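Notes follow once the structure below has been shown.
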Amino acid sequence: MSITLIPLGVVAYLQTSELNRETRIRTELSLVTLTDAAASGERETILRALGNAEAIGASTDLAEELRDQCTARLRTFINANSVYSFVGFLPRSGLVTCSSVGRPLDLRRVPNFERRMEAPRAMVSRNDSPAISETPVLIVSEPYFRKGEFSGYVTLSLPTSGLRQEGTLPLDQDLTELLTFNHLGQVLSSRSPVSESQRLLPETVNLSELVDVQAHSFRARSVDGQERIFAVTPLVSGLVYAISIWPLDSRAATAVEVNWMTQALPLVMWAASVIVAFLAINRLVIRHIRTLGQQMRAFARTRRVPQGAVTGDMALELRDMESDFLHMADAILQDEAQLENALREKTILLKEVHHRVKNNLQLISSIMNMQIRQSDETETRQVLRRLQDRIRSLATIHRNLYLTEDLGHVDAGRLLDDLIRQMALAGDDGEGETTVDLDLEHIEVYPDQAVPLSLLTAEALTNASTYMAPDGSGRQRLAVRFRKLAEREAEIVIENTCGGESDPTHGEPGLGNRLIRAFATQLGGELTQEVSEGLYRVRVQFQLSDFKPEVVDY
């Protein structure tokens with residue numbers, strides 16, 4: 001719904017913007033019209049003065065008459081037109097000989113005299129301290145030509161007090177000030193004294209910047225620091241302009257201000273519709289989806305089905321989703337319970353298998369023990385005893401598998417500790433005291449590696465007990481270290497003291513040595529056998545691997 005309202009909001013916004021623009025244009029035209037009407041008296045006076053100056057300049061014989069005759073005729077003009085206080089010819093030399101005052105005047109020191117002579121054009125300026133007139137005057141200058149060449153200016157002076165004629169359009173009561181200025185930005189007239197009216201002009205806009213522009217209005221801060229509305233219109237194109245100053249609360253200037261509230265109303269309405277739509281969606285959809293998501297997360301963490309469905313004002317589709325979730329959660333719990341029961345039964349059966357295998361191996365070991373006691377040959381007893389040790393090693397492995405909680409993993413450190421103690425190497429064999437040093441880390445391995453690791457350790461311990469000899473201090477020492485080298489790598493080291501003749505590396509390798517190599521190969525490890533400083537050392541490094549479905553028969 002909010003998306004469908006976007007085009008309507010955009011259309012309303014554009015229409016409102018266009019309406020504001022047209023209203024502003026009409027208000028600007030209204031302000032410009034009022035400004036033009038208020039300054040109509042100044043415009044007529046200045047236009048009449050320019051026309052009179054042009055007519056006087058066109059009288060070719062007047063400037064060529066004698067000074068007294070020219071002066072008399074110009075005085076006659078002044079007497080007939082009381083609005084003027086001075087009229088005269090300003091030649092290019094700057095020495096006035098023909099004027100209404102009847103005496104020569106030197107105007108070469110007038111500001112911008114040379115530039116005015118170089119670029120002749122009609123001009124209107126203000127002089128607050130004139131040398132001839134007693135009050136501030138406007139000076140209207142019109143160039144005149146003789147035989148097609150610029151000869152000078154015809155200059156008229158009229159007091160500013162008589163600039164605004166009677167019978168012009170009355171000023172609007174909301175108007176603060178009305179000023180006229182020339183193309184150079186010089187103020188020509190104002191309703192109040194010029195020094196006071198200067199404070200009402202724009203602070204950041206120079207009057208000369210408003211020349212040669214179309215009639216328009218704008219808002220700016222005046223010199224006195226207040227915001228006002230200004231309207232500018234040309235009175236005499238290229239020469240004189242009028243600027244009116246209005247307060248912000250003026251009836252005529254109200255529409256110049258952009259009504260942002262009206263323009264932003266479509267956007268506000270669209271935003272309100274979005275908020276209403278969001279609240280409605282949140283109440284009818286999002287809130288229930290959030291609750292359903294919390295139920296799902298709680299079920300994933302705790303495996304507990306919610307006690308009851310949260311329906312209320314829920315939509316039909318969401319009710320179906322919640323119902324499907326509850327049925328699915330109940331089905332998952334039932335399936336998991338069945339899987340746990342099946343796994344528990346398989347674990348019990350597998351443990352029973354390990355227990356029975358351990359019992360059978362112990363039974364075989366007991367039978368072999370009976371056979372050993374009945375044998376008279378020493379060599380036969382030794383062979384049977386070594387075979388009995390291997391069977392005991394297998395029985396120890398199955399006993400640990402039976403006792404462990406996780407049949408998929410075996411604590412190799414605990415398994416080796418039980419194996420060593422089972423073989424009773426910590427005791428005294430009657431030939432000397434034996435010191436056993438065990439350093440076994442608790443590393444979990446899979447049964448596929450636990451079996452060859454235990455058998456390799458058992459064979460190495462059997463060899464150690466066979467070839468062990470006292471060191472220089474008369475003590476027999478045995479050390480077994482099992483540790484983790486890296487993330488997936490382990491090492492087992494078996495060391496024992498040995499004599500020169502009991503060095504197992506001499507001669508042909510026996511069955512135990514061959515079994516050690518076979519078990520190391522089955523582990524996938526690297527076997528190292530060496531004699532150093534009276535110690536026989538067996539080291540096997542291997543990678544900890546996952547379960548292997550098939551065991552290679554070596």
Side-chain angles (χ1 to χ4, degrees), residues 39-127 130-133 135-160 162-163 165 180-184 186 188-189 211-212 234-241:
S40 60
E42 287 88 340
R43 180 176 62 249
E44 292 177 3
T45 302
I46 293 172
L47 287 175
R48 186 179 298 112
L50 289 172
N52 290 331
E54 185 178 2
I56 294 173
S59 301
T60 57
D61 56 343
L62 183 62
E64 296 175 355
E65 293 180 353
L66 295 176
R67 184 183 68 181
D68 294 340
Q69 296 176 349
C70 179
T71 300
R73 297 185 65 175
L74 293 179
R75 283 180 177 175
T76 302
F77 174 80
I78 290 295
N79 294 331
N81 298 274
S82 60
V83 296
Y84 303 111
S85 61
F86 173 81
V87 62
F89 287 92
L90 176 61
R92 297 186 66 177
S93 63
L95 300 175
V96 178
T97 58
C98 179
S99 66
S100 61
V101 297
R103 68 175 184 273
L105 300 173
D106 187 0
L107 302 180
R108 288 176 295 182
R109 296 184 178 179
V110 173
N112 301 322
F113 174 78
E114 295 182 357
R115 187 169 59 183
R116 293 175 62 181
M117 292 301 174
E118 293 177 357
R121 56 166 296 177
M123 295 183 184
V124 180
S125 61
R126 180 187 176 101
N127 190 350
I132 300 172
S133 303
T135 60
V137 296
L138 288 186
I139 301 175
V140 180
S141 301
E142 182 72 29
Y144 69 93
F145 299 84
R146 294 292 180 264
K147 296 179 182 180
E149 293 184 0
F150 171 65
S151 299
Y153 287 93
V154 177
T155 303
L156 292 173
S157 298
L158 60 153
T160 58
L163 183 60
Q165 298 181 353
T180 60
F181 58 96
N182 61 9
H183 67 287
L184 299 177
Q186 182 187 20
L188 301 178
S189 65
V211 176
D212 297 332
L235 296 181
V236 181
S237 181
L239 288 180
V240 182
Y241 300 85

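Computed from a prediction, not measured in an experiment: that's the story for all the values here.
Residues V87 and R73 form no side-chain contact, since every pair of their non-hydrogen atoms from C-beta on lies 4.5 Å or further apart. Using a 4.5 Å cut-off on side-chain heavy atoms (C-beta onward), V137 and F86 make no contact. Side chains of R92 and E149 form no contact here, defined as non-hydrogen atoms less than 4.5 Å apart. Residues R103 and T71 form no side-chain contact, since every pair of their non-hydrogen atoms from C-beta on lies 4.5 Å or further apart.
Separation of atoms OG1 (T155) and CE (M123) is listed at 10.5 Å; rounding is to 0.5 Å. Atoms CE and OG, on M117 and S93 in that order, are 8.0 Å from each other to the nearest 0.5 Å. Distance CG/L156 to CG/L138: 11.5 Å, rounded to 0.5 Å.
Residues forming a side-chain hydrogen bond (donor to acceptor under 3.5 Å, both in side chains) with Q186 (at least two apart in sequence, or on another chain): N182. In this structure T135 satisfies the side chain to side chain contact (heavy atoms under 4.5 Å, CB included) test together with P159, sequence neighbours excluded. R115 meets the side-chain hydrogen bond (donor to acceptor under 3.5 Å, both in side chains) test with N112; sequence neighbours excluded. Y84 is linked by a side-chain hydrogen bond (donor to acceptor under 3.5 Å, both in side chains) to N52, counting only residues two or more places apart in sequence or in another chain. Not counting sequence neighbours, the partners of D106 by the side-chain hydrogen bond (donor to acceptor under 3.5 Å, both in side chains) test are R108. Looking at residues two or more places apart in sequence or on another chain, you find no salt bridge (charged side-chain N to carboxylate O under 4.0 Å, His left out) involving R116.
Aromatic ring orientation, F89 versus Y144: perpendicular (interplanar angle above 60°, classes split at 30° and 60°).
The closest donor-acceptor contact from the side chain of R75 to the backbone of S100 lies under 3.5 Å.
Closest heavy-atom contact between G238 and R121: O-NH2, 2.8 Å. What you find for V96 and P91 is that their closest heavy atoms are CA-CD, 4.2 Å. The minimum heavy-atom distance between F150 and P143, with the atom names listed, is CE1-CB, 3.6 Å. Contact between R126 and L188 at its shortest, heavy atoms only, is NH1-O, 2.6 Å. Between S141 and Y153 the shortest heavy-atom distance is CB-CD2, 3.8 Å. Heavy atoms only, all atoms of each residue included: A122 and L239 are closest at O-CD2, 2.8 Å.
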TODO: Could you go through the side-chain contact (heavy atoms from CB on, under 4.5 Å) check for T160 and S189 one step at a time?
DONE: CA-CA 7 Å; T160 58; S189 65; 5.7 Å; no

Open item on the list: Run the side-chain contact (heavy atoms from CB on, under 4.5 Å) test on L235 and I46 for me, step by step, so that the C-alpha distance in whole Å, both residues' side-chain angles and the decisive distance to 0.1 Å come before the verdict.
Closed with: CA-CA 9 Å; L235 296 181; I46 293 172; 5.6 Å; no

- [ ] Might you work through the side-chain contact (heavy atoms from CB on, under 4.5 Å) test for V110 and L90, ending with a clear yes or no?
- [x] CA-CA 11 Å; V110 173; L90 176 61; over 6 Å; no

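Judged purely by distance below 3.5 Å, without hydrogens or angles, the side chains of S85 and S157 never pair a donor atom with an acceptor atom.
Evaluated for a side chain to side chain contact (heavy atoms under 4.5 Å, CB included) with V140, the options L158, V154, L47 yield exactly one hit, L158.
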